[in-house]
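Every heavy atom of this structure was used, including side-chain atoms; hydrogens, water molecules and symmetry mates were not.
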Amino acid sequence: MQSVPVEIPGELYYSLRGTLKVHRIRLALPDVTSIPAYSGVRLLVATHDTTPELESAELRLLGTKCRFVTSPGATFPNNDTLAFERTSACAPLQGQPTGQADL
């Protein structure tokens, strides 16, 4: 399988802490049942030479309570990997995975 870049669209949200830009995308995962066995997931990301601040990020397997989350204080690197750690809700996997994930 060949890797391809995907731009994740963002929307502005206003909060008491100021303006935030939240990026979301739905992913198709052909073999979703094997993912919860991994202790973590790393995604190659690019910031196009900007320096965004990362408040948090998560990868949610739809149809289950399984999530992979970034650690507190994680940075959003340019042309490097962003690490997500498996939460306890992934093992054992509960629910019926749909084959999709929200990032």
Side-chain angles (χ1 to χ4, degrees):
M1 180 180 295
Q2 182 176 346
S3 299
V4 294
V6 176
E7 186 168 349
I8 303 174
E11 294 288 331
L12 290 179
Y13 289 86
Y14 302 97
S15 73
L16 295 174
R17 294 187 314 240
T19 304
L20 301 172
K21 192 163 191 183
V22 177
H23 298 267
R24 293 185 177 138
I25 193 166
R26 180 151 293 166
L27 304 171
L29 305 172
D31 188 14
V32 70
T33 57
S34 67
I35 293 173
Y38 293 98
S39 61
V41 174
R42 292 182 173 273
L43 297 178
L44 180 61
V45 296
T47 65
H48 303 285
D49 293 322
T50 62
T51 53
E53 292 183 32
L54 179 65
E55 186 171 312
S56 66
E58 71 176 23
L59 178 69
R60 292 183 296 129
L61 302 184
L62 299 182
T64 75
K65 293 183 179 181
C66 182
R67 297 180 314 129
F68 289 80
V69 298
T70 54
S71 60
T75 58
F76 198 89
N78 186 32
N79 298 323
D80 203 351
T81 57
L82 179 61
F84 293 78
E85 299 169 3
R86 182 182 66 198
T87 62
S88 60
C90 295
L93 185 63
Q94 297 176 12
Q96 183 62 42
T98 66
Q100 296 180 321
D102 281 344
L103 176 64

Taking Arg24 for its side chain and Gly10 for its backbone only, find out whether a donor-acceptor pair lies under 3.5 Å.
-> no
So, the side chain of Thr75 versus the backbone of Pro77: is there a donor-acceptor pair under 3.5 Å, distance only?
-> no
Specify the closest pair of heavy atoms between [X] and [Y], including all atoms of both residues, with the distance to one decimal.
| X | Y | result |
| --- | --- | --- |
| Pro52 | Phe76 | CG-CD2, 3.8 Å |
| Ala83 | Thr70 | O-CG2, 3.5 Å |
| Thr64 | Gly95 | CG2-C, 4.4 Å |

Shared hydrophobic cluster, Leu82 / Val69 (ILVMFWY, side-chain heavy atoms < 4.5 Å) | no
Should Leu29 and Tyr38 be counted in the same cluster of Ile, Leu, Val, Met, Phe, Trp and Tyr side chains packed under 4.5 Å apart?
-> no
Salt bridge or not for Glu55 and Arg17, using N-O below 4.0 Å?
-> yes
Qualifying disulfide bond (SG atoms under 2.5 Å apart) pairs with a residue from residues 37-71, counting only residues at least two apart or across chains = Cys66-Cys90
With sequence neighbours left out, the residues meeting side chain to side chain contact (heavy atoms under 4.5 Å, CB included) with Ser71 are Ala74, Glu85
Please list, chain by chain and in numerical order, all residues satisfying side chain to side chain contact (heavy atoms under 4.5 Å, CB included) with Thr33, sequence neighbours excluded.
-> Asp31, Pro97
Flag the pair Phe84 / Leu103 as yes when at least one side-chain heavy-atom distance between them is below 4.5 Å, and no otherwise.
-> yes
For residues 39-47, which side-chain N or O atoms pair as donor and acceptor with protein atoms under 3.5 Å away, sequence neighbours left out?
{"from": "Arg42", "atom 1": "NH1", "to": "Thr81", "atom 2": "OG1", "distance (Å)": "3.3"}
{"from": "Thr47", "atom 1": "OG1", "to": "Thr50", "atom 2": "O", "distance (Å)": "3.0"}
{"from": "Thr47", "atom 1": "OG1", "to": "Asn78", "atom 2": "OD1", "distance (Å)": "3.3"}

Distance, nearest 0.5 Å, that separates [atom1] of [X] from [atom2] of [Y]:
| X | Y | atom1 | atom2 | result |
| --- | --- | --- | --- | --- |
| Glu58 | Arg67 | CD | CZ | 4.5 Å |
| Thr98 | Leu61 | OG1 | CG | 8.5 Å |
| Glu11 | Lys21 | CD | NZ | 8.5 Å |
| His23 | Glu7 | NE2 | CD | 8.5 Å |
| Lys65 | Thr87 | NZ | OG1 | 11.0 Å |

Residue of the set Leu59, Asp102, Val32 for which side chain to side chain contact (heavy atoms under 4.5 Å, CB included) holds with Leu27 = Leu59
Residues joined to Leu12 in its hydrophobic cluster, side chain to side chain under 4.5 Å directly or through other members, sorted by chain and number, are Tyr14
Co-members of Val22 in a cluster of I, L, V, M, F, W and Y side chains, linked at under 4.5 Å | Tyr13
